[in-house]
Amino acid sequence: MKIKSMHIKSMHIKSKLTKEFFNRDTVEVAKLLLGKVLKHGKTSGIIVETEAYKGKEDEASHAFKRTERSGLMYDSYGKFYIYFVYGKNFCINVTAEKKKAGAVLIRALEPLSGIDIMKKRRKTDDIGNLTNGPGKLCQALGINKKFNGTEINDKIEIFNTDLRPEIIKSSRIGIQKAKDFDWRFYIKDNKFVSVR
DNA sequence: TCTCAGATCGTCT
DNA sequence: GACGATCTGAGAT
C-alpha cells in the first residue's frame, strides 16, 4: 500500500506492530514509535512526537503510584492506556516494559488518511491543527476512554512503515511550555530530536 | 468532599 | 507568546 500525504512524498505501510514490540525499554519504545502509523477506523496518522513515562521511576507518570487506574501499566504491555484530563481531553498511551509499569504517550501525528473525518471531528479545516497535540489527535481519530485497556491492533492499530525519522519532513511540532520532561522525542525538519 | 490534572482554545498584548 | 477559563473524573483525605 502506497500512501501520499502533505509532507511525505511516499511511504509503504508494512505489517502491524506485534504486542512483543512493546516488551522492551520504555524509552526505546518511544523512539521506535516515531514514523509508525496510528490508525483507528478510516483515520490514521504518522506518529511524529512521543514521550516516555518510566512508570515507577518517573514522578510524572500516573504509574509512579499504583492505583486502580494505573494498575493497567503494572499488569501489561502492548495495551492502550487512555485517560481523561482537564475535563475535556483524552490522551492515548501504549503500555510498555511491564516490569517498570512504563507507558509511551503519543503526542502528535502527521495526518495521513480520513482527513475529512478529522476536520469534522475537530471542527476546523486547518490540517496543521488536526493532530498536533495529544488531546487533538484523540479527538481527530475518535479515540476516547472506551478504548482504555484494549489490546494493540484490536480496535486501534499501529503499523510498521519504511519511514525513518530522518526522511520525514514535518512542518509542525514545536515544544510546548518546557517543563521538566525527561524523555521526549520528536521529529523536526527531518531530524530526530530528543529533549531533556 | 476536595483538589487538581504533562491540554486546548480564545483573547489580549 | 502569554495567560486565563474551561469544568469531568480520578485520587487523596
Side-chain angles (χ1 to χ4, degrees), chain A residues 22 25-34 38 40 43 45-77 79-97 100-111 114-115 117-150 156 170-189 192-196:
Chain A
F22 298 92
D25 178 75
T26 307
V27 174
E28 196 62 23
V29 173
K31 288 180 183 173
L32 291 171
L33 276 179
L34 294 173
L38 180 72
H40 179 229
T43 54
I46 297 158
I47 299 170
V48 294
E49 189 174 348
T50 60
E51 194 171 310
Y53 287 90
K54 289 173 71 73
K56 291 181 269 190
E57 298 174 3
D58 184 354
E59 268 184 77
S61 170
H62 287 180
F64 187 63
K65 289 181 184 171
R66 182 166 188 153
T67 62
E68 193 179 342
R69 184 172 65 163
S70 68
L72 180 70
M73 288 182 272
Y74 282 78
D75 296 334
S76 72
Y77 58 87
K79 282 190 177 183
F80 288 105
Y81 170 59
I82 294 160
Y83 60 87
F84 187 66
V85 285
Y86 293 104
K88 286 183 177 177
N89 306 304
F90 293 99
C91 293
I92 183 168
N93 299 251
V94 193
T95 62
E97 201 176 5
K100 294 181 179 173
V104 175
L105 172 67
I106 299 172
R107 299 191 59 88
L109 304 176
E110 182 97 8
I115 290 175
I117 299 171
M118 294 190 200
K119 284 178 178 174
K120 275 188 188 167
R121 287 177 176 154
R122 291 275 303 122
K123 297 186 176 97
T124 176
D125 283 333
D126 181 0
I127 290 183
N129 196 25
L130 291 177
T131 53
N132 60 334
K136 294 177 186 179
L137 75 89
C138 284
Q139 194 180 2
L141 270 65
I143 293 168
N144 56 46
K145 212 189 158 191
K146 76 177 178 190
F147 300 106
N148 184 42
T150 56
I156 303 165
S170 177
S171 61
R172 63 143 253 110
I173 306 302
I175 305 273
Q176 296 187 351
K177 287 174 188 172
K179 292 187 180 174
D180 295 330
F181 294 126
D182 278 351
W183 317 102
R184 174 180 281 187
F185 308 96
Y186 68 106
I187 297 163
K188 183 181 172 68
D189 300 331
F192 179 85
V193 182
S194 69
V195 183
R196 188 168 174 81

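In what follows, chains are A, B, ... by sequence order, proteins preceding strands, each numbered from 1. Keep in mind that what you see is a predicted model, and the values were worked out from it rather than measured.
- Rounded to an integer number of Å, the gap from CG of A:N89 to P of C:dG9 is 13 Å.
- A straight line from CE of A:M73 to P of C:dA10 spans 14 Å, rounded to a whole angstrom.
- For A:H62, the ring pair (Phe, Tyr, Trp, His ring centres under 6.0 Å) partners at least two apart in sequence or on another chain are A:Y81, A:Y83.
- Ring geometry for A:F84 versus A:F90: interplanar angle of 30 to 60°, hence tilted.
- Residue-level contact check: A:K145 touches the backbone only, with heavy atoms under 4.0 Å from sugar-phosphate atoms and none from bases.
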Report the C-alpha distance between A:L105 and A:C91 in whole Å, list the side-chain angles of each, state the deciding distance to 0.1 Å, and finish with yes or no for side-chain contact (heavy atoms from CB on, under 4.5 Å). CA-CA 7 Å; A:L105 172 67; A:C91 293; 3.8 Å; yes
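- When the P atom is compared between C:dC7 and B:dT1, the two are found 22 Å apart, to the nearest whole Å.
- With rounding to the nearest 0.5 angstrom, the CD1 atom of A:I46 is 11.0 Å from the CG atom of A:L38.
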Could you pull out the protein-nucleic contacts involving nucleotides 9-12 of chain B (nitrogen or oxygen on both sides, under 3.5 Å)?
unit_1, atom_1, unit_2, atom_2, d
B:dC9, OP1, A:R122, NH1, 2.7
B:dC9, OP1, A:R122, NH2, 2.9
B:dC9, OP2, A:K136, NZ, 3.2

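- Rounded to whole angstrom, the span from the CZ atom of A:F64 across to the P atom of B:dA5 amounts to 16 Å.
- For the residue pair A:R121 / A:Q139, no side-chain donor-acceptor distance below 3.5 Å is found, with atom types taken as modelled.
- Whole-Å rounding puts the A:F90 CZ to C:dG9 C1' distance at 10 Å.
- Distance from the side chain of A:K65 is smallest to C:dA12 among C:dG11, B:dA7, C:dA12.
- Phosphate proximity of C:dG11 to A:T67: present, with a side-chain N or O under 4.0 Å from OP1 or OP2.
- In terms of heavy atoms, A:L137 sits closest to A:I106 at CD2-O, 3.4 Å.
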Dot-bracket for DNA chain B, 5' to 3', counting Watson-Crick or G-U wobble pairs under 3.5 Å, with [ ] for crossing pairs and | for inter-strand pairs? |||||.||||||.
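- In this structure, A:E97 and A:V29 have side chains that are not in contact, with every pair of non-hydrogen atoms separated by 4.5 Å or more.
- To the nearest 0.5 Å, atom CG of residue A:L130 and atom CD1 of residue A:I115 are 7.0 Å apart.
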